[in-house]
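Here's the structure, in C-alpha cells; my notes come after.
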Amino acid sequence: MPFQSAGCHPGLAKTREAAWEWAESEGLDLSVPARKKMIRTRPELWISLIFPKASQDHLDLFCQWLFWAFLVDDEFDDGPAGRNPLMCEKAITRLVDVLDGAAPTGPMERALAGLRNRTCPGRSSQWNRQFRRDTAAWLWTYYAEAVERAAGQVPSRSEFAKHRRDSVAMQPFLCLHEITAQINLPESARSLPAYIALRNAVTDHSGLCNDICSFEKEAALGYEHNAVRLIQRDRGCTLQEAVDEAGIQLARVAERVQRAEKELIEEIEAAGITGPTRAALERCVQDYRGLVRGDFDYHARAERYTRPDLVEPDERDSLSQYFAA
C-alpha cells in the first residue's frame, strides 16, 4: 500500500448513532441476523476513513447512503432475492425508478427517495448524470448475477473485472466526494482519459480488496462472484495460491492509480485547463489516495471481513424481507 492514511473522522460515533436513528425513522426494521451483520459491517468506519475531513452533516448523509447500500448488498448477495431473477428484476426496476423520481412504496424505496432528495438537488446536471449512471449500474449488477446463478454460469476473469467495477459501488461515492470537496467537475474534465482511468483504478482496487477479504465469508454462502474464487477455478490452484495472485494484482492496481495521477497532471497541462476546473481535478488526485488507503484499512478492521466465522447458517433465509413481495 503506497499511500499514507489520511486518518479517521472524529465524528465516527455521532455518525453511527445518526445512521441507526435514520434507519429506525425510515422503517428499516432489520431482522436479528441482518442487524448483527450491519453491526459487524460498521458502515460508519468506512465512511469516516474515506471522508476524514467532511462536515458532520455530510458524513452522516454519506453513511446513511452506505447503510442503505449494504442492506441492498446483503439482500441480493446472501438472500433469496438474489437467486430469483424475476424477484430481482422487479426490485431493481423499482429502485431505479425511484432514483429517477418515481413515488416510492415500501421502506427501502422510501429511504432511497429521502436520500436522493437530500443529495441531488442543487447539483449540476453533469454531476447528476454521473451519479445516476453509477448508482443504476451498480444496482443492475445484482440482476446480472441473479441471472448467471440461475443459468449455472460463472463469468470469466476478464468479464468479472468489468462487472466488478460497477458492482463494488465505489463510483457513486466518488461522486459524493465532489460534494464534501466542494467541487463540481464539468463534462470536459469527466471525459479526460486519465480522469476516467483514475476513477477506474480506485474502483478496481476497492473491488479486489473486498474480494480478497470477503472470500471466506462468501465461500461459506456458496457465492461465486469473487475474484479469488475465479482465480482458483481458472488455475485449479489452492486457496492460498489464489489469494497470493490476487494480492499481486492488488499491488498492480495501486500502481495504476499512481500512473493515472501522473497522466492526469500531464493532460491538465496539455489541455490548458486552469482555474476552478484545474483545482478540482488536483483535489481528486490528492483525495483519491487517502480514499484508497481508507478503504484498504477498513477491510482490515471491520468484522464483516475479519471474522468470517461469525456468518450464521440462517442468515440467508432471514433476509429479503423487503423484496419478497
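Basis for what follows: all heavy atoms, side chains included, without hydrogens, waters or symmetry-related copies.
For the residue pair T119 and W65, a side-chain donor N or O sits within less than 3.5 Å of a side-chain acceptor on the partner. Side chain to side chain, S156 and E159 meet the donor-acceptor criterion of an N or O pair below 3.5 Å.
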Original post:
Should R133 and D166 be marked as a salt bridge (Lys or Arg N to Asp or Glu O under 4.0 Å) after you check the CA-CA gap, both sets of side-chain angles, and the distance that decides it?
Top reply: CA-CA 10 Å; R133 180 267 161 208; D166 285 323; 3.0 Å; yes
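In this structure, the side chain to side chain contact (heavy atoms under 4.5 Å, CB included) partners of A197, at least two apart in sequence or on a different chain, are A260. Applying the side chain to side chain contact (heavy atoms under 4.5 Å, CB included) test to Q182 and every residue at least two apart in sequence or in another chain returns nothing.
Sequence neighbours left out, not one pair with a member in residues 46-69 passes salt bridge (charged side-chain N to carboxylate O under 4.0 Å, His left out). For the salt bridge (charged side-chain N to carboxylate O under 4.0 Å, His left out) condition, no pair includes a residue of residues 61-72, sequence neighbours left out.
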Could you list the donor-acceptor pairs under 3.5 angstrom formed between side-chain atoms of residues 95-105 and any protein atom two or more places apart in sequence or on another chain?
residue : atom : partner : partner atom : Å
D100    : OD1  : R132    : NE           : 2.9
D100    : OD2  : R132    : NH2          : 2.8
T105    : OG1  : E109    : OE1          : 3.2

Using residues 246-258 as the side-chain source, report each donor-acceptor pair under 3.5 Å to any protein atom, sequence neighbours left out, with the distance given to one decimal.
residue : atom : partner : partner atom : Å
Q249    : NE2  : E245    : OE2          : 3.4
R256    : NH1  : D204    : OD2          : 3.1
R256    : NH2  : D204    : OD2          : 2.8

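When the options E44, H9, H58, Q56 are evaluated for a side-chain hydrogen bond (donor to acceptor under 3.5 Å, both in side chains) with T15, the one that passes is Q56.
For the residue pair I196 and S191, the shortest heavy atom distance occurs at CD1-O, 3.9 Å.
Without hydrogens or angle criteria, W68 side chain to M108 main chain gives a donor-acceptor distance under 3.5 Å.
Taken together through direct or relayed side-chain contacts under 4.5 Å among Ile, Leu, Val, Met, Phe, Trp and Tyr, L230 and Y142 form parts of separate hydrophobic clusters.
Around the CD atom of Q153, the shell of radius 6.0 Å holds more than 12 heavy atoms that belong to other residues, nucleotides or ligands.
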